[in-house]
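Each remark here refers to the structure printed beneath this line.
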Number of protein chains: 2
Amino acid sequence: MPKPTLVDVGREAGVSAITVSRALRSPEKVSEALRAKVEIAVKKLGYVPNQSASTLASNKSSSIVVMVPSISNNVFTDVLGGISDALHGSRFNMQIGYTNYDSQEEERILRSFLNPTPSGVIISGLEQTDETRQMLENAGVPVVQIMDISPKPIDMIVGFSHDQAAETATQHLIDSGYKNIGFIGAQMDPRSLKRLAGFKKAIKDNGELREQCIAVTNEPSNVRLGATLLDKLTSQFPECDAVFCNNDDLSVGVLFECQRRGIKVPEELGICGFNDLGISSETVPSITSVTTPLREIGRLAGVMVIGEEGAPSTPIVDLSYTISARESTKRT
Amino acid sequence: MPKPTLVDVGREAGVSAITVSRALRSPEKVSEALRAKVEIAVKKLGYVPNQSASTLASNKSSSIVVMVPSISNNVFTDVLGGISDALHGSRFNMQIGYTNYDSQEEERILRSFLNPTPSGVIISGLEQTDETRQMLENAGVPVVQIMDISPKPIDMIVGFSHDQAAETATQHLIDSGYKNIGFIGAQMDPRSLKRLAGFKKAIKDNGELREQCIAVTNEPSNVRLGATLLDKLTSQFPECDAVFCNNDDLSVGVLFECQRRGIKVPEELGICGFNDLGISSETVPSITSVTTPLREIGRLAGVMVIGEEGAPSTPIVDLSYTISARESTKRT
DNA sequence: TTGCAAAATGATTGCGCAATCATTTATGAT
DNA sequence: ATCATAAATGATTGCGCAATCATTTTGCAA
């Protein structure tokens with residue numbers, strides 16, 4: 001037997017096809033008795049809606065478009081997991097676009113994803129091109145920006161302040177007694193630059209900021225790069241006694257390089273990472289990191305974009321962060 | 001102006017709509033002059049095909065369905081990256097399903113993804129239910145199984161032998177002089193069980209296999225679990241002088257636990273991991289691992305499923321593996 | 001040149017659904 | 001009881017494309 005259509009379900013339930021359609025997609029508009037009849041008929045026939053037909057007729061798809069910079073960065077796989085959780089069981093599916101940290105590419109991909117109009121958009125960061133913002137506003141769908149925080153989102157936003165997180169983390173290093181703190185960063189996207197700004201602020205508030213305490217690169221982050229950048233940092237800033245790293249890949253790489261070079265952590269060098277991706281708590285010594293609510297950001301963004309109950313009442317959600325102080329900054 | 005349709009392009013090019021359709025999706029069936037005219041008109045109007053309409057009319061979507069067990073396991077993010085590379089620039093897009101290591105869930109998801117019929121399916125492993133295999137055969141689309149190898153794939157397959165890889169790795173430990181080798185495993189999916197079988201074979205071929213040399217769990221793998229399982233292993237198998245780990249999370253966790261307990265690696269304990277996920281080469285000491293061509297598996301699967309030029313001529317592709325011998329097994 | 005197969009192009013139709021507008025039925029105020 | 005209004009349900013139509021079949025043009029052997 002061929003796949004049942006709305007007409008088949010309608011015949012089974014003794015109503016018209018369009019009524020079945022309504023019973024399924026806006027149940028509050030039909031009577032309770034009808035809704036029940038339709039439900040039984042749907043179950044009996046094993047009816048599954050045809051997304052393409054629905055999309056074609058309404059010019060609106062059931063996809064939630066998710067734009068992230070990279071698939072291989074664990075930060076975003078955590079976020080995607082949260083979104084996936086939120087969408088699970090709903091009638092929405094996820095359409096993922098990888099921008100490769102490029103606003104122009106983001107615009108290009110988003111343009112193709114906006115036809116037909118999706119049911120919602122989740123997009124990383126605040127740095128969309130003017131055209132992208134324009135497109136999103138014109139689309140007339142819910143938009144949730146994630147990973148950062150701003151008083152003026154395109155529509156909704158859920159994230160935390162990277163400036164503040166980095167400032168707090170740097171202050172933790174200062175409070176731990178470190179005097180010459182360096183910054184190591186890779187993949188310097190806008191959020192990383194904010195972390196650098198927060199770092200600088202904390203340093204300036206407690207003394208003098210010297211340019212040589214910063215070692216960054218635009219290469220994608222990985223563990224080895226942590227070692228490379230530590231080399232760079234210690235050669236240009238020999239008195240360095242602590243480093244704040246852009247992310248956990250780098251902090252782990254720094255720790256390993258210290259082990260290779262016989263630098264004692266935390267006595268001779270304090271280390272703090274960012275995002276607390278799971279390995280930081282396991283290394284020997286364990287590494288202090290900024291714990292960020294990645295999965296929860298994804299989950300909330302998902303809930304907000306589909307307007308499910310349980311969604312926050314405000315369009316701006318700051319989920320904050322915590323400093324997980326561990327052995328790598330525990331100077332006794 | 002509204003979005004241009006095939007009719008608009010046809011008017012612009014002075015031909016009928018259906019001819020434009022043909023010029024775009026099977027250019028070999030139209031004359032060269034026509035193809036050129038259509039191309040110009042498409043560019044001029046900025047025509048973008050409407051996927052929904054195409055899918056509805058043909059009952060066939062332009063999606064490549066990809067079924068993987070988990071999103072958070074880096075093994076699969078690497079594979080997905082490879083598939084993404086292969087599909088980039090083609091007219092196909094990726095639709096990802098997460099089975100959570102459950103064949104029934106896989107069957108359920110795949111059933112929903114098979115309507116409308118996708119252009120191809122990439123699916124992890126060999127352990128599909130009978131119903132799943134049946135569905136895939138009936139669908140009449142290219143199917144590529146990945147991550148494992150078998151002489152009798154559903155359609156095509158690209159991967160490597162987990163038995164052999166584990167056997168070779170275990171033999172490497174034996175050849176390095178270790179006498180009492182243990183096995184540590186988490187997330188014991190079918191491929192992990194094959195690795196265990198390969199391990200057992202190597203041990204038996206060189207002496208006696210004792211049950212207490214195996215410590216496994218079905219929990220999802222993570223670094224901490226490596227430590228937990230090492231504890232279990234050393235308590236039930238105190239004479240253990242080397243461990244082969246199911247994957248790199250565990251081997252890294254084992255190394256860290258050794259550092260905590262003051263066990264010297266590689267002298268007192270040799271360690272070998274699996275998949276070589278990037279951190280193994282960076283730890284101190286660096287950890288021996290089985291390097292597997294994850295990204296290439298994904299890329300080839302993508303090329304094979306869309307039948308692009310450059311695809312292998314045989315439906316069975318064994319990409320093999322290499323043992324990356326590092327400090328963690330270098331007993332002098 | 002003629003004839004005929006093959007190649008190229010066109011006309012019609014329907015995929016399954018939801019937007020729109022039309023109609024019927026229920027509700028409630030007077 | 002009457003009417004106005006709202007709620008519930010139905011009929012028609014078109015979204016943009018490709019399958020199918022029909023027609024025209026081309027190539028080329030005899």
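Just so we're on the same page: letters track the sequence lines, and every chain starts at 1.
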Determine the contact category for B:I18: base if any of its heavy atoms lies under 4.0 Å from a base atom, sugar-phosphate if only primed atoms, P, OP1 or OP2 are that close, otherwise nothing.
base
Can we say B:R295 and B:D85 salt-bridge, meaning some charged N sits less than 4.0 Å from an Asp/Glu carboxylate O?
yes
B:D8 bridged to B:R11 by N-O distance under 4.0 Å
yes
Residues which pass side chain to side chain contact (heavy atoms under 4.5 Å, CB included) with A:S26, listed by chain and number, not counting sequence neighbours
A:R22, A:E28, A:K29
For A:I149 and A:L126, the nearest pair of non-hydrogen atoms, with its separation, is O-CD1, 3.8 Å
Could you tell me whether the side chain of A:V305 reaches within less than 4.5 Å of the side chain of A:V143, counting heavy atoms only?
no
The test is side chain to side chain contact (heavy atoms under 4.5 Å, CB included); show your working for A:V42 and A:L24 and say whether it passes.
CA-CA 10 Å; A:V42 164; A:L24 294 176; 4.1 Å; yes
Strictly below 4.0 Å, heavy-atom distances to any atom of DNA chain C: list the hits from residues 19-34 of chain A, or just say none.
A:S21, A:R25
For B:R25 and B:S54, which heavy atoms make the closest approach, and how far apart are they?
NH2-OG, 3.8 Å
Global bending angle along the helix from C:dT1-D:dA30 to C:dT30-D:dA1, which compares the axes of five pairs at either end, to 10 degrees
20°
Report yes if the side chains of A:E12 and A:K37 come closer than 4.5 Å at any heavy-atom pair, otherwise no.
no
Please identify the 5'-most and 3'-most nucleotides of DNA chain D with any atom under 4.0 angstrom from a heavy atom of chain A.
D:dA8 to D:dG16
Looking for any heavy atom pair under 4.0 Å, which part of the strands does A:V7 touch: base, sugar-phosphate only, or nothing?
nothing
Just by distance, do the side chain of A:S103 and the backbone of A:E127 share a donor-acceptor pair under 3.5 Å?
yes
So, the side chain of B:T292 versus the backbone of B:L294: is there a donor-acceptor pair under 3.5 Å, distance only?
no
Touch check for A:N50, heavy atoms < 4.0 angstrom, all strands: base, sugar-phosphate only, or nothing?
sugar-phosphate
Relative to the 5' end of DNA chain C, which residue comes earlier, A:V48 or B:G14, by the nucleotide with the nearest heavy atom?
B:G14
Can you give me every donor-acceptor pair (side chain of residues 70-80 of chain A, partner residue at least two apart or in another chain, under 3.5 Å) with its distance?
| unit_1 | atom_1 | unit_2 | atom_2 | d |
| --- | --- | --- | --- | --- |
| A:S70 | OG | A:S72 | N | 3.1 |
| A:S70 | OG | A:S72 | OG | 3.3 |
| A:S70 | OG | A:N73 | N | 3.2 |
| A:N73 | OD1 | A:V75 | N | 2.9 |
| A:N73 | ND2 | A:Y101 | OH | 3.3 |
| A:T77 | OG1 | A:N74 | O | 2.9 |

Testing the 3.5 Å rule here: is there a donor-acceptor pair between the side chains of B:Q51 and B:S62?
yes
For DNA chain D, which residues of residues 113-121 of chain B approach it to below 4.0 angstrom with any heavy atom?
none
Quick check: do A:P116 and A:K60 have side-chain heavy atoms less than 4.5 Å from each other?
no
